[in-house]
Amino acid sequence: MKSIITGALLSAALLTIPPAMNAQNTSHTNPFFAPYGTAYDIPPFERIQYADYLPAVKEGIERQRAEIKAITDNPDAPTFANTILAMEKSGELLNRVILVFSSLAETDNTPEMQELSEVIYPMVSNASDEISMNPALFKRVKSLYDSRDKIGLTPEEKKAVEDSYKSFTRNGALLSDENKEQLKEVNKRLTDLYLAFNKNLLSATNAFELLVDNEADLAGIPAGIVATAATEAAAKGHNGKWLFTLHAPSRLPVLKFADNRNLREKMYKGYMNLASVAPYDNRPIIGDIVKVRARKAAILGFRDYASYMTDNVMAKTPEAANDLLLQIWEPAKAKVAEEVAEMQAVADAEGKGVKIAPWDYYYYAEKVRAKKYDLDENEVSAYFAIDNVRKGIFTLAERLYGVKFTEMPDAPKYNPEVTVYDVTDIKTGEHVAVFMTDYFPRATKRQGAWMSEFKGSFVDPDGTVGRPVIYNVGNFTRPTADTPALLTIDEVQTMFHEFGHGLHGMLSRAKLRSQSGTNVDRDFVELPSQISEHWALHPELLKDYAFHYKTGKPIPAELVKRLEAAATHNQGFMTTELAGASLLDLAWGSYNPAENETVDVDKFEKEVADRLGMPSLIAYRYRSPYFKHVFGSDGYASGYYTYLWAEVLDTDGFELFLEKGVFDPATAKSFKENILEKGGSEDPMELFVKFRGHRPSVNALLRHRGLSPLDLKQKGGK
């Protein structure tokens, strides 16, 4: 996913930043107040102390306040340069410190970072409101907006003016003074609630422990996972036992492979009840978030929060997003019935009297895959050591886009496990970007995988060029004492996914900061990431990077064929849980509870599931108390549908590569120039059509997932 500024964590024991950073060193110089003096302006993590953040944020806010005042006090008539570009260039110091702080708050949420977050994020939110509700600044923007067709703007400049005007109006510029104050209070309240939600979620995740003391109960679980669980247990003082957590590399192998049904049930229920039990119960916080969001939408003149959040993206309305999801939902549900029947047949053949329950789904789906396709994930993972997969993503970038990655061993890094690369153009040797990877779970690092930046890109009118510093974060399977990190198929695809986001940031050539890289419509941002996944298991790339970690032999063609045959396995389940979560998210956004109404989270989830006819064996991909995308910030709120919306684009787009050749130079050049380099400088649908030659069709997604489009035809669709 594309990271949104929120809070999460990293292990204090692994920090490269000195332990003394929580104390003020009198000889210490705040590194944010001077040029970094590092290669490519990489933040000097080893010199940053906790005590540096707050002074830098405060000074950054004051400097930006002065820069905005200089714009509004300018007696000259508004121009693009003295208003829009000047606004974009304001806040350089604040931006530098917040990019570092928010990034480490997701991978280093120590108690000190949590304490700072509770002060810094509300402060930054208030400063943002001050700018977005500045009447003199908005007057200048509106002047440009009203005359945008007459003043000789370039297309990207015109779009920047239109986007700026819409941003101001969406943030309260047209409100009365009284309503502006109400909106400020609402925004502050939401910031506080997001912090509380994230803090609860992290604490609840770390509080869960599934401790096994009988080795027989581990039957079926891969040896590498068992070894990691033993290490986890020993670290917590449970020598001779095995400790499993809710982090995906620990949780999913239990659900997929543990023969002990009771163990699977405990893990499943632990995850389903995450952040739903005191003292880390997020349900009351969700109730408050929903109410405050409804209040915000009403103040801004929208019917509900979902209408507000979809108004400025490709979908335009929640109805359009819902319509897309329901076109996918019905075929997915039909596929689930087939999958459950296959699993039940396997269970019946075992003669144990098992009737498939939710905690059996992963386990028996894996058995069906093994039987149907003769595919064992342990056999497959042996070809996907993490260094091999890293070679795969770099080979993809080299062959498609002409860039290479050279490790920078002496570059600053925020953790010893981070690897830093200099990205250069193969033909010219030009520096393109810095890329960092951070792939393994740590106790205080938040779950999931994401991409973000420590520095964006731009090209100023005077010729000044800024190239980006981009990073990918994951929570992949760790190596053991005698085995390298062997990734699951899902982890391989996740690495390619986040690398696609990274390429979007690294290859950007948009001139304006607000339009560079991943600064695009939220329902367009997943296109570069998801299209990259298509190469992960394609035979043309596999032959370049998938080698057995012991023998060094390439992945056999026969195994590749089995992988291809199994590509649509369990897609009914995967699509239903994803579409269900997306529909739940939109339902939350359409809910306008009264101020004195008690929001019953469990009841609301059940009502949505019943209305959709959700299969009883499937839960939402994320239940609300741990749906961080939606309640940990407003980044993906009423927008989780974007993964499927973008999949319509990426599957249709990849069919062009299949038609022309997956490494066809002309097709790759078109994708690079029309999608990756353009950022948000043009309308996203126009960019897609320039690349693809037509508007996308949902049928490409259905074909890719092996779902029947018959229900669409019955509904009058194409």
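Computed from a prediction, not measured in an experiment: that's the story for all the values here.
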Enquirer: Which atom pair, heavy atoms only, marks the closest approach of R264 to A258?
Expert: NH1-O, 2.7 Å
Enquirer: Does atom NZ of K256 have more than 12 heavy-atom neighbours, drawn from other residues, nucleotides or ligands, at distances under 6.0 Å?
Expert: yes
Enquirer: Donor-acceptor check, side chain of N472 to backbone of M451, threshold 3.5 angstrom: yes or no?
Expert: no
Enquirer: I'd like to know if the side chain of D600 pairs up with that of T598 as donor and acceptor (distance under 3.5 Å, no hydrogens or angles considered).
Expert: no
Enquirer: Checking the side chain of D438 only, and the main-chain atoms of V473 only, is there a donor and an acceptor separated by less than 3.5 Å?
Expert: no
Enquirer: Which heavy atom in A385 sits nearest to a heavy atom in Y549, and how many Å separate them?
Expert: CB-CB, 4.3 Å
Enquirer: Is a side-chain donor or acceptor of N388 paired with a backbone partner of F547 at a separation under 3.5 angstrom?
Expert: yes
Enquirer: Check this for me, if you would: do R442 and D108 make a salt bridge, where the nitrogen-to-carboxylate-oxygen distance has to be below 4.0 angstrom?
Expert: no
Enquirer: Does the plane of the ring in Y640 sit parallel, tilted or perpendicular to the ring in H629? Use 30° and 60° as the thresholds.
Expert: perpendicular
Enquirer: Please list all pairs passing the side-chain hydrogen bond (donor to acceptor under 3.5 Å, both in side chains) test where one or both residues lie in residues 224-243, with sequence neighbours left out.
Expert: E209-K236
Enquirer: Using a strict threshold of under 4.0 Å (side-chain N to carboxylate O), is an ion pair present between K606 and D610?
Expert: yes
Enquirer: How far apart are the C-alpha atoms of Y636 and Y643, what are their side-chain angles, what is the distance that settles it, and do they pass the ring-ring contact (aromatic ring centres under 6.0 Å, His included) test?
Expert: CA-CA 10 Å; Y636 281 77; Y643 288 97; 5.7 Å; yes
Enquirer: With rounding to the nearest 0.5 Å, note down the distance linking CG in D213 to CG in L243.
Expert: 12.0 Å
Enquirer: What's the verdict on side-chain contact (heavy atoms from CB on, under 4.5 Å) for I289 and Y194, showing C-alpha distance, side-chain angles and the deciding distance?
Expert: CA-CA 8 Å; I289 289 174; Y194 297 151; 4.1 Å; yes
Enquirer: Where the side chain of Y363 meets the backbone of N260, is there a donor-acceptor pair that is under 3.5 Å apart?
Expert: no
Enquirer: Taking atom types as modelled, find out whether Y364 and Q344 have a side-chain donor-acceptor pair closer than 3.5 angstrom.
Expert: no
Enquirer: Examine Y362 together with F257 and report whether their ring centres are nearer than 6.0 Å.
Expert: no
Enquirer: Parallel under 30°, tilted from 30 to 60°, perpendicular over 60°: which one fits the rings of Y414 and F45?
Expert: perpendicular
Enquirer: Drop me the distance from M267's CE to S250's OG, to the nearest 0.5 angstrom.
Expert: 5.0 Å
Enquirer: Answer with yes or no whether the side chains of E407 and T419 bring together a donor and an acceptor at under 3.5 Å.
Expert: no
Enquirer: So, does W329 use its side chain to make a donor-acceptor pair with the main chain of L612 at under 3.5 Å?
Expert: yes
Enquirer: Run the side chain to side chain contact (heavy atoms under 4.5 Å, CB included) test against E607 and tell me which residues pass, sequence neighbours left out.
Expert: K603
Enquirer: Is it the case that the side chains of S103 and Y471 hold a donor-acceptor pair, with the cut-off being a distance below 3.5 Å and no angle test?
Expert: yes
Enquirer: So, Y421 versus R390: side-chain donor-acceptor pair below 3.5 Å or not?
Expert: yes
Enquirer: Any chance you could lay out the salt bridge (Lys or Arg N to Asp or Glu O under 4.0 Å) test for K352 and D348, step after step, and finish with the verdict?
Expert: CA-CA 7 Å; K352 298 178 182 178; D348 290 346; over 6 Å; no
Enquirer: Given 3.5 Å as the limit, does a donor-acceptor pair link the side chain of Y620 with the main chain of E605, or not?
Expert: yes
Enquirer: Will you find, in the side chains of T110 and Y50, an N or O donor that is under 3.5 Å from an N or O acceptor?
Expert: yes
Enquirer: Distance-only criterion, 3.5 Å: show the donor-acceptor pairs between side-chain atoms of residues 268-277 and protein atoms not counting sequence neighbours.
Expert:
| residue | atom | partner | partner atom | Å |
| --- | --- | --- | --- | --- |
| K269 | NZ | E265 | OE2 | 2.7 |
| N273 | ND2 | K269 | O | 2.9 |
| S276 | OG | L274 | O | 3.4 |

Enquirer: Would you check, one step at a time, whether the test side-chain contact (heavy atoms from CB on, under 4.5 Å) holds for T437 with V418?
Expert: CA-CA 6 Å; T437 61; V418 171; 6.0 Å; no
Enquirer: Do you know the tightest heavy-atom contact between S582 and L644?
Expert: OG-CD1, 4.4 Å
Enquirer: Quick check on side-chain hydrogen bond (donor to acceptor under 3.5 Å, both in side chains): which of Q493, H497, H538 does E533 satisfy it with?
Expert: H497
Enquirer: Testing the basics here: between S633 and G635, what is the closest heavy-atom pair and its distance to 0.1 Å?
Expert: OG-N, 3.1 Å
Enquirer: Which atom names give the shortest non-hydrogen contact between G287 and V599, and what distance separates them?
Expert: CA-CB, 3.7 Å
Enquirer: Do F604 and W588 have their ring centres less than 6.0 Å from each other?
Expert: yes
Enquirer: Taking only residues at least two apart or on different chains, which pairs with a member in residues 556-566 satisfy side-chain hydrogen bond (donor to acceptor under 3.5 Å, both in side chains)?
Expert: E379-R562, E558-R562
Enquirer: Which pair of non-hydrogen atoms, one from R623 and one from D602, has the smallest distance, and what is that distance?
Expert: NH2-OD1, 2.8 Å
Enquirer: Could you check whether any side-chain N or O of N198 sits under 3.5 Å from a backbone N or O of K628, counting only pairs where one atom can act as donor and the other as acceptor?
Expert: no
Enquirer: Looking at K413 and E46, does any basic side-chain N land under 4.0 Å from a carboxylate oxygen?
Expert: no
Enquirer: Taking atom types as modelled, find out whether E498 and W450 have a side-chain donor-acceptor pair closer than 3.5 angstrom.
Expert: no
Enquirer: Would the distance check show the side chain of H548 and the main-chain N or O of K550 forming a donor-acceptor pair, the cut-off being under 3.5 Å?
Expert: yes
Enquirer: Check the pair E366, K371 against salt bridge (Lys or Arg N to Asp or Glu O under 4.0 Å), reporting the backbone distance first and the verdict last.
Expert: CA-CA 9 Å; E366 200 64 28; K371 178 182 178 182; over 6 Å; no
Enquirer: Between L210 and T245, does a side-chain contact (heavy atoms from CB on, under 4.5 Å) hold up when you go through it step by step?
Expert: CA-CA 6 Å; L210 181 54; T245 71; over 6 Å; no
Enquirer: Rounded to the nearest 0.5 Å, how far apart are OG of S452 and CZ of F454?
Expert: 8.0 Å
Enquirer: Given the side-chain rings of F101 and Y121, with only the six-membered ring counted for Trp, is the space between their centroids under 6.0 Å?
Expert: yes
Enquirer: Can I get a per-line list of side-chain donor-acceptor pairs under 3.5 Å for residues 570-580, giving both atom names and the distance, sequence neighbours left out?
Expert:
| residue | atom | partner | partner atom | Å |
| --- | --- | --- | --- | --- |
| Q571 | OE1 | R705 | NH1 | 3.0 |
| T575 | OG1 | Q571 | O | 2.6 |
| T575 | OG1 | R705 | NH1 | 2.6 |
| T576 | OG1 | G572 | O | 2.6 |
| E577 | OE2 | R621 | NE | 3.2 |
| E577 | OE2 | R621 | NH2 | 3.3 |

Enquirer: Per the ring-ring contact (aromatic ring centres under 6.0 Å, His included) rule, which among F496, Y545, F405 passes with F394?
Expert: F405
Enquirer: What's the verdict on salt bridge (Lys or Arg N to Asp or Glu O under 4.0 Å) for E377 and R369, showing C-alpha distance, side-chain angles and the deciding distance?
Expert: CA-CA 9 Å; E377 186 152 309; R369 179 164 67 170; 2.7 Å; yes
Enquirer: Show your working on side-chain contact (heavy atoms from CB on, under 4.5 Å) between M343 and V340 and close with a plain yes or no.
Expert: CA-CA 5 Å; M343 291 189 294; V340 173; 4.1 Å; yes
Enquirer: List the residues meeting salt bridge (charged side-chain N to carboxylate O under 4.0 Å, His left out) with D281, not counting sequence neighbours, and say none if there are none.
Expert: R283
Enquirer: What I want to check is whether the side chains of E526 and S529 have a donor and an acceptor closer together than 3.5 Å.
Expert: yes
Enquirer: Do side-chain atoms of D585 reach the backbone of G639 as a donor and acceptor pair under 3.5 angstrom?
Expert: yes
